[in-house]
There are 2 protein chains.
Amino acid sequence: MTSTRGNPGTDGTDGARGARGPGRRPGRTETREAILAAARELFAEKGYDGASLRAIARSAAVDPALVHHFFGSKEGVFIEAMRFPVDPAVLLPRIMAAPRERLGETMARTFLGVWQDPDRRAPILAMLRSAMTNERAAALMREFLTSALFARAGAATDVPRLRLQAAAGQMIGLVILRYVLRVEPLASASEDEMVELVAPVLQNYLG
Amino acid sequence: MTSTRGNPGTDGTDGARGARGPGRRPGRTETREAILAAARELFAEKGYDGASLRAIARSAAVDPALVHHFFGSKEGVFIEAMRFPVDPAVLLPRIMAAPRERLGETMARTFLGVWQDPDRRAPILAMLRSAMTNERAAALMREFLTSALFARAGAATDVPRLRLQAAAGQMIGLVILRYVLRVEPLASASEDEMVELVAPVLQNYLG
DNA sequence: GTCTATATGATGATAGAC
DNA sequence: GTCTATCATCATATAGAC
């Protein structure tokens, strides 16, 4: 769900649509997605400021001006590439459906599962890296966390905001050490080891 | 201790040193420190890639070429500006001198105390921001964490590496939410509130 | 020690040909 | 839709005058 490619209506061959008269050009089929894929990868690797439009175009084997043609500006590419890989509105209820004494384990497994999958990891990592050095991206991420995550989780439970944020902090720090700094043995630990490690902590915060 | 300014022998007025013959020029007294202060601030704010030599020079009210003259290259400025604000070799023993059942609280208070102080925070924040998007900086930080922190702490206790790193992850994620993303209410929480929040978690990892 | 001048190259954005 | 050409900026780094 909410996978990286295949927005409804924009993928594939345009099927048997035929001549539709004015209004809708047949284009945007292919290179657009290629550009977005390259953008996600580069933003994830270098962050917003570090990934250049030209590098994205180069990686997509496309002319830089074409990127502009499609998305208008670098920021246009970014927000389009971020279109969310992970929707808290679907993940949160799934977590909170767990029995209360296994909330920590469930949250750990869900969160780490998303990060384990390169396709879902890329946009989040891009957001995180960008937010560290770019104020606009930081504001975007703050807004996302606050309204999509903490507000939602806070409304559905009686866990104080501070505790929700401490739990989020635990997971953010963990993935930074694992996927960005690649500190051993954490970087090579199995998902099960990590769940075992942090589940009690999350349980402490949320339980 | 290990404060930001005042490396022995390089600060102040050169005292009553007088004519010392060849060998040692009287220079480097003032502008050098001004450049380093500006560098720390800008690296902390924008990370290694985002902070330009020119911006550093501008902020220090100095010619860009002078920065080169002193430090040779941008990387030279960086490592000089990083010269450590915080020495685990002095902080770790202090933490581990605490009674075992208060390890978590002591670590939390020590760590948060460092981050509360802008002068000690700046170089660490600079390192962290830089490490997120620059591979050289990431390697530097990984090396620092591994050998100066985890190895030392691992040698002095029987706490497994994974647990040490999970504890570090908790604190890193917390300061990112607090100082970089500035998520509320965490960003405005008092030191005591934060200690109360995370001390049990650290105690769980280290105890 | 401090500066000007410059070499060299990348960036985001735009205008407009085909 | 796709491209060339170009603008205006900014970057790191160097050589060398004073």
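Note that these values count all heavy atoms, side chains included, but never hydrogens, waters or copies made by symmetry. Residue numbers begin at 1 in each chain, while the letters A, B, ... track the order of the sequences.
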Residues forming a ring-ring contact (aromatic ring centres under 6.0 Å, His included) with B:Phe144, sequence neighbours excluded: B:Phe84
Qualifying ring pair (Phe, Tyr, Trp, His ring centres under 6.0 Å) pairs with a residue from residues 170-195 of chain B, counting only residues at least two apart or across chains: B:Trp115-B:Tyr179
Residues in salt bridge (charged side-chain N to carboxylate O under 4.0 Å, His left out) contact with B:Arg142, at least two apart in sequence or another chain: B:Glu135
Quick one: side chains of residues 170-177 of chain A, donor-acceptor pairs under 3.5 Å with protein atoms, not counting sequence neighbours, listed by atom name and distance.
residue: A:Gln170; atom: OE1; partner: B:Tyr205; partner atom: OH; Å: 2.9
residue: A:Gln170; atom: NE2; partner: B:Ala166; partner atom: O; Å: 3.3

Separation of atom CD1 in B:Ile35 from atom P in C:dG1, rounded to whole Å: 12 Å
Pairs touching residues 38-57 of chain A that satisfy ring pair (Phe, Tyr, Trp, His ring centres under 6.0 Å), sequence neighbours left out: A:Phe43-A:Tyr48, A:Phe43-A:Phe78, A:Tyr48-A:Phe78
Nucleic acid footprint by protein, nucleotides 3-18 of chain C - heavy-atom cut-off 4.0 Å, B for base, S for sugar-phosphate alone: BB------BBBB----
